[in-house]
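Down below is the structure, laid out as structure tokens.
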Amino acid sequence: MCGIVGCVGAADVSRVLLSGLGKLEYRGYDSAGIAVVCDGAVDIRKSSGRLARLLAACERDGYPQGGAGIGHTRWATHGAPTDANSHPHASGDGRFAVVHNGIIENWAELRRELEAEGCRFESETDTEVIAHLVERAYEGDLLKAVMKAALRLRGSYAAAVVCADEPGRIVAVREASPLIVGIGAGENYFASDVTALVERTRSCLYLDDGEFADIRPDSVSVFDAAGRERAKEVVRVRWDVRAAEKGGYRHFMLKEIMEQPGAVEATIAPRIAAGRVCFDDEGLDDGAFCGVTRVVIAACGSSYYAGQGVRSAFERLTGVPTSVELASELRYGSTLVNASTLVIAVSQSGETADTVAALRECVCRGARTLAVVNVAGSTVARLADHAVHTWAGPEVAVATTKGYTTQLSVLYLIAVRMARALRCIGTQEEARLVRQIAALPRAIQQAIDLNPCVSELAVRYKSCPSLLFMGRGVDWAVALEGALKMKEISYIHAEAYAAGELKHGTIALVEEGQPVIALCCDERLAAKVAGNILEVKARGANVLAVACLDNQDVVALADDLLLIPPVPPMLSAAVSVVPLQLLAYHVARERGCDIDKPRNLAKSVTVE
Ligand code: F6R
């Protein structure tokens, strides 16, 4: 999705902007641009394609010099990824430039109105209307002009505007799209994502919907739509700059796979004390769970699959019916949610539009809410009654890996904490579960050690037109995540299904040479999965099994094996997913794919 960044007061604003845009590349984009206010004019450089093209243009034509600037990476929605449609967009008189994330829903109506008044549009974007509206509203004060223009906008927007007449000032506004202001010394910033800021500052403030930031070199003031100044808390960002660098790895994805033992350890260790689960820092005590009669886990994509992976842990440990809902369905659907429902919104970014909307809907219906997020201060974190962070650090590769495993591990802990609150487990049982969860980082490392073996196997899969994944119970949830990883980065068609469903249709796809990846990490279901393996093998399938070391039923049948250490089935997703992440990675590498930035995908899906 689009990324925005801005800086005022720095000695070399253009380079700050370009470096910030570099940090936002991972979000997915197809054009980029910057605008800098210099010598009473706004100098804009933009181009379709990768940031490298924009950098080359700046090298050729010179970097714009000036005191305030805004930058953008665009993921095309309204109009093709052309130079003209790239942001920033200028007003008709060229004195204002705007960058924008989100979608202006009433842009067509506004454009018709502005064209009727004589405005000439240079692009097909929804964003350009903002530049023309600000120009028309301007009476010598940029903040007032942006406030007036915003009254006309419907939709989602994080937008920022610079003006040729006010060289030391940026005005930014947020409505349903993230916007963070970075506080520096004699220079201040904004961005859609903290990753773009941490190189310059760790002190940030998060705008809420309907707020405007007046950003100058020595001050940042935040106002509501009525012009009242708002006091904002400055939050210290914990992320390490180096965490968002490749550190010698060829791809961020591989680095992030390798970081999983540390990320899971960092996530669980602070929540374990003397054999008990403790979420005191998050205010998650018995009261948060008592009286809960239903748990609804709401999420999208891999976060949804993490929810699937922990559903049985919640039901087994707490005895409370638990469902996992796609946020995009939940927001418009009829899922029963009321004051005795605990809704757990799971989102790595904390900004996924559907998850935010589903959570808002559940808040309106009176549910108790809990956020599991990786980004402190994100919208999901701020909307929920309680926020529990995963401490994965920045995840740069579009395909999530450590985001997913840290979500699983913290959700296991929440299930245990809830079970204790509901008196479903005693002290000894809690201590036993805690020991098992604390052992996950080591087991994940052992799964990572399969890397050379997976890399060899991947050569065989690189030309397959399609892959089938199957499993039962938690293994099915992992099969879904494994298939998603494979398709999103290698572009090979992959389908996951519950192994018991095989005979109800999918087996029709199996013919000589069809690769089937069978997940069998639950000993209790091993004989059943072994039966499914025999069925597909009888029809010519080639089976790669991901199994626990002691699962002999399956070990004897598979053509290829990836053995993970024994893990309690309820917790196995966090370990058995690792070989599948590695397989997707190596297959994609063999196929020469753009692993960290797969086509058409965005890291943070901030539009519906
Ligand atoms: C897949 C992936 C996506 C995200 C999904 C939700 O590798 O990363 O499927 O899981 O877009 O994102 P978050 O967790 O940020 O809400």
Side-chain angles (χ1 to χ4, degrees), residues 1 3 26-28 75 177-178 192-195 251-254 256-257 260 263 267 297-310 324-331 343-360 371-384 387-390 392-408 410-411 477-478 480-491 494 496 573 577-578 580-585 588 593-608:
M1 294 282 122
Y26 78 100
R27 292 167 68 97
W75 190 81
S177 196
S192 44
D193 184 327
V194 279
T195 337
H251 296 101
F252 277 110
M253 183 175 177
L254 186 60
E256 288 160 5
I257 291 173
Q260 290 180 106
T267 299
I297 300 177
C300 300
S302 293
S303 298
Y304 169 74
Y305 294 145
Q308 301 266 44
V310 298
V324 186
E325 310 280 340
L326 286 167
S328 52
E329 293 292 320
L330 176 63
R331 66 183 292 192
V343 173
I344 307 181
V346 184
S347 174
Q348 184 270 131
S349 63
E351 301 295 351
T352 301
D354 282 321
T355 309
V356 171
L359 180 56
R360 274 193 216 283
V372 170
V373 287
N374 192 44
V375 180
S378 58
T379 307
V380 170
R382 285 179 300 140
L383 273 176
V388 173
H389 294 98
T390 49
E395 194 178 57
V396 178
V398 164
T400 184
T401 52
K402 60 177 180 171
Y404 171 86
T405 42
T406 51
Q407 284 170 347
L408 286 171
V410 88
L411 284 162
V478 178
L480 288 161
E481 171 62 5
L484 179 65
K485 285 285 90 79
M486 185 60 78
K487 52 193 156 194
E488 66 184 336
I489 60 166
S490 77
Y491 316 142
V577 74
V578 173
L580 303 187
Q581 297 168 340
L582 288 167
L583 186 67
Y585 171 79
C593 299
D594 190 353
I595 293 179
D596 288 336
K597 297 192 271 297
R599 69 185 180 206
N600 305 337
L601 294 182
K603 181 71 182 160
S604 182
V605 184
T606 49
V607 293
E608 188 174 357

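Atoms within a ligand are numbered from 1 in the order they appear, just like the ligands themselves.
In terms of modelled atom types and a separation under 3.5 Å, the side chain of Glu256 and the main chain of Val396 share a donor-acceptor contact. Between the side chain of Asn374 and the main chain of Ala392, a donor-acceptor pair closer than 3.5 Å is present. Judged purely by atom type and a 3.5 angstrom limit, Tyr491 uses its side chain to pair as donor or acceptor with the backbone of Arg599. Formation of a donor-acceptor pair under 3.5 Å by the Glu488 side chain with backbone atoms of Pro598 is not found in this model.
Checked against a 3.5 angstrom limit, the closest N/O atoms of Thr355 and ligand 1 fall outside it.
Under the 4.0 angstrom criterion for non-hydrogen atoms, Glu351 is not in contact with ligand 1. The closest approach between a heavy atom of Thr401 and any atom of ligand 1 is not below 4.0 Å.
Remark: ligand 1 atoms within the under-4.0 Å shell around heavy atoms of Ser303 are 10 (O), 13 (P), 14 (O). For ligand 1, the atoms sitting less than 4.0 Å from at least one non-hydrogen atom of Val398 are 8 (O), numbered in the order shown with element in parentheses. Near Glu488, meaning under 4.0 Å from one of its heavy atoms, ligand 1 places the atoms 1 (C), 7 (O). The Lys485 neighbourhood of ligand 1 comprises atoms 1 (C), 7 (O), with distances under 4.0 Å to a heavy atom of that residue.
With sequence neighbours excluded, the residues satisfying salt bridge (charged side-chain N to carboxylate O under 4.0 Å, His left out) with Arg360 are Asp209.
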